[in-house]
Amino acid sequence: MHRYVLGLALTLGTLGGFAGEAPEEAPERGEAPAERRPTPVPQRDRENEPATAERSGVSLEDATAIVRQAYGGRVVSSSKANARPAPRRPEEPGYRVRVDIDGRVKTVFVDARGRIHENAEF
């Protein structure tokens with residue numbers, strides 16, 4: 001009786017595993033099996049999207065947290081801004097964050113990648 005139940009379970013399990021798959025053609029002798037290529041993932045249409053800091057994932061809250069962690073102190077204000085992170089570089093979208101460090105207010109720029117620039121031109 002046990003052999004019958006075990007044989008039935010193995011048969012059903014094996015058949016159940018093949019039920020969802022489509023049959024594949026067997027390769028000819030000497031041929032390598034056909035490669036399975038992943039289906040391509042469709043890309044989002046980004047032509048009409050503006051170049052903003054939100055697109056890359058850094059939000060205003062993230063920018064203030066990055067500055068607070070780097071400098072300590074208290075964030076006085078923060079806002080969206082376009083700035084030139086260094087001389088002779090194009091303007092980039094990001095955030096202007098002002099932080100109070102021991103009574104002195106420092107203004108920094110956090111770019112869309114989350115990097116801090118101290119000498120940015122606003």
Side-chain angles (χ1 to χ4, degrees):
M1 177 76 177
H2 292 293
R3 287 184 184 176
Y4 174 75
V5 173
L6 182 61
L8 182 63
L10 287 173
T11 304
L12 290 176
T14 304
L15 291 176
F18 291 113
E21 296 180 15
E24 292 184 17
E25 294 181 20
E28 294 291 325
R29 208 176 238 189
E31 282 185 29
E35 293 182 22
R36 289 189 180 199
R37 294 194 176 110
T39 56
V41 178
Q43 296 290 326
R44 288 180 43 202
D45 181 24
R46 293 190 177 178
E47 276 182 35
N48 299 327
E49 289 184 23
T52 60
E54 287 86 15
R55 189 174 85 189
S56 67
V58 175
S59 67
L60 184 62
E61 291 81 20
D62 293 337
T64 56
I66 290 167
V67 172
R68 191 177 299 121
Q69 183 179 9
Y71 293 103
R74 183 178 69 89
V75 173
V76 176
S77 68
S78 58
S79 62
K80 283 185 183 180
N82 287 330
R84 192 178 309 270
R88 290 187 262 154
R89 285 193 47 195
E91 281 194 350
E92 294 182 21
Y95 299 99
R96 177 180 182 235
V97 181
R98 300 185 71 196
V99 61
D100 180 6
I101 307 166
D102 297 329
R104 300 187 115 180
V105 177
K106 183 177 189 88
T107 303
V108 296
F109 176 70
V110 180
D111 66 10
R113 295 182 186 132
R115 295 179 296 187
I116 298 173
H117 302 276
E118 293 184 353
N119 300 322
E121 298 173 11
F122 292 98

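A quick note: this is a predicted structure, and the numbers were derived from the prediction, not measured.
Hydrophobic clustering places V75 together with I116 (ILVMFWY residues linked when any side-chain heavy atoms are closer than 4.5 Å, directly or through intermediates). Transitive grouping of hydrophobic side chains (ILVMFWY, heavy atoms separated by less than 4.5 Å) keeps F109 and I66 in distinct clusters. Hydrophobic clustering (side-chain heavy atoms under 4.5 Å, transitive across Ile, Leu, Val, Met, Phe, Trp, Tyr) keeps V76 apart from V67.
Nearest heavy-atom pair, S79 versus L60, reported as atom, atom and distance to 0.1 Å: N-CD1, 4.0 Å. In this structure, G73 and V99 approach most closely via the heavy-atom pair C-CG2, 4.4 Å. Nearest heavy atom pair, residue P90 against residue P85, reads O-CD, 3.7 Å. When all heavy atoms of T64 and S78 are compared, the closest pair comes out as CG2-OG, 3.3 Å.
A search for side-chain contact (heavy atoms from CB on, under 4.5 Å) contacts involving E61 returns S59, not counting sequence neighbours. Checked against side-chain hydrogen bond (donor to acceptor under 3.5 Å, both in side chains), Q69 has no partners two or more places apart in sequence or in another chain. Legend: residues meeting side-chain hydrogen bond (donor to acceptor under 3.5 Å, both in side chains) with T107, ordered by chain and number and at least two apart, are R98. By the side-chain hydrogen bond (donor to acceptor under 3.5 Å, both in side chains) test, R68 is found to be paired with no residue, residues two or more places apart in sequence or in another chain being considered. Partners of R74 by side-chain hydrogen bond (donor to acceptor under 3.5 Å, both in side chains), not counting sequence neighbours: none found.
Residues V58 and Y95 form a side-chain contact, since some pair of their non-hydrogen atoms from C-beta on lies under 4.5 Å apart.
Pairs engaging residues 86-95 under the salt bridge (charged side-chain N to carboxylate O under 4.0 Å, His left out) rule: R89-E92 [sequence neighbours left out].
V108 pairs in a side chain to side chain contact (heavy atoms under 4.5 Å, CB included) with only one of the listed residues (H117, R96, E118), which is E118.
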